[in-house]
Amino acid sequence: MEIVVASSVGVLTAGGVYLLLRLRSFPVILGLALLSYAVNVFIFASGRLAIDQSPILARYGEATYTDPLPQALVLTAIVISFGMTAVLVMIGLGAYLEADDDRIDMERTDADEEARR
């Protein structure tokens with residue numbers, strides 16, 4: 001089970017970094033979302049993967065329980081990443097509507113200017 005979670009975190013991180021290095025704003029936003037998913041899975045897995053265990057101690061039962069702190073941290077991180085993604089989409093949409101292009105690089109050559117005309 002741990003190898004599946006570790007490899008999924010690695011794949012999400014690699015995909016996120018790859019998309020962050022693109023020159024368009026939409027893939028950069030998707031890359032940040034993938035990185036936030038990777039961090040969420042990593043934080044959730046840091047609380048030890050346990051199946052069919054309660055998040056609190058039972059009164060007269062065994063002392064097996066899952067840690068509720070990573071679950072609370074992941075829930076908070078999901079809300080924060082959703083807000084961050086919404087802000088980035090609005091910034092990217094505003095930049096696209098202003099420049100008629102969603103490229104991230106700031107340097108424009110004469111060939112780019114003539115291609116826009």
Side-chain angles (χ1 to χ4, degrees):
M1 177 86 154
E2 287 85 7
I3 192 74
V4 173
V5 173
S7 61
S8 66
V9 168
V11 167
L12 285 171
T13 303
V17 168
Y18 175 76
L19 288 174
L20 275 177
L21 297 175
R22 303 290 90 195
L23 291 177
R24 303 277 180 185
S25 61
F26 186 69
V28 170
I29 293 169
L30 287 179
L32 284 173
L34 281 179
L35 279 176
S36 69
Y37 294 151
V39 169
N40 289 344
V41 172
F42 177 74
I43 291 172
F44 191 71
S46 70
R48 289 182 290 169
L49 299 173
I51 299 173
D52 293 334
Q53 293 182 357
S54 64
I56 56 174
L57 288 172
R59 181 176 288 213
Y60 300 110
E62 299 175 9
T64 59
Y65 65 97
T66 60
D67 190 11
L69 183 64
Q71 298 173 13
L73 288 174
V74 167
L75 182 63
T76 305
I78 289 171
V79 172
I80 291 171
S81 67
F82 179 74
M84 180 189 70
T85 303
V87 168
L88 288 175
V89 166
M90 293 308 294
I91 290 171
L93 183 63
Y96 175 74
L97 292 176
E98 182 178 330
D100 292 332
D101 195 10
D102 65 342
R103 290 182 60 92
I104 294 176
D105 58 342
M106 298 300 291
E107 297 178 18
R108 292 202 183 261
T109 61
D110 294 331
D112 291 336
E113 291 296 327
E114 298 212 7
R116 285 185 64 200
R117 293 182 192 166

So which residues get pulled into [X]'s cluster when ILVMFWY side chains under 4.5 Å apart are joined, directly or through others?
X     : value
Phe44 : Val39, Ile43, Leu69, Leu73, Val74, Ile78
Tyr96 : Leu93, Leu97
Ile91 : Val87

Inset, instruction - Output all residues satisfying side-chain contact (heavy atoms from CB on, under 4.5 Å) with Val89, sequence neighbours left out; order by chain, then residue number. - result: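 Residues passing side-chain contact (heavy atoms from CB on, under 4.5 Å) with Val89: Ile29, Thr85.
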Legend entry - Arg24: partners by side-chain contact (heavy atoms from CB on, under 4.5 Å), with sequence neighbours left out: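 Listed in chain order: Pro27, Asp101, Asp102, Arg103.
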Inset, instruction - Kindly compute the distance separating CG (Leu30) from CG (Leu35), expressed to the nearest 0.5 Å. - result: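 The CG atom of Leu35 is 11.5 Å from CG of Leu30, to the nearest 0.5 Å.
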Inset, instruction - Over all heavy atoms of both residues, which pair between Ala77 and Asn40 is shortest? Give the atoms and the distance, please. - result: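 Looking at all heavy atoms of both residues, the shortest contact is CB-OD1, 3.2 Å.
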Would you mind writing out the side-chain donor-acceptor pairs for residues 2-17 within the sub-3.5 Å range, not counting sequence neighbours?
residue	atom	partner	partner atom	Å
Ser7	OG	Ile3	O	2.9
Ser7	OG	Val4	O	3.0
Ser8	OG	Val4	O	3.2
Ser8	OG	Val5	O	2.7
Thr13	OG1	Val9	O	2.8

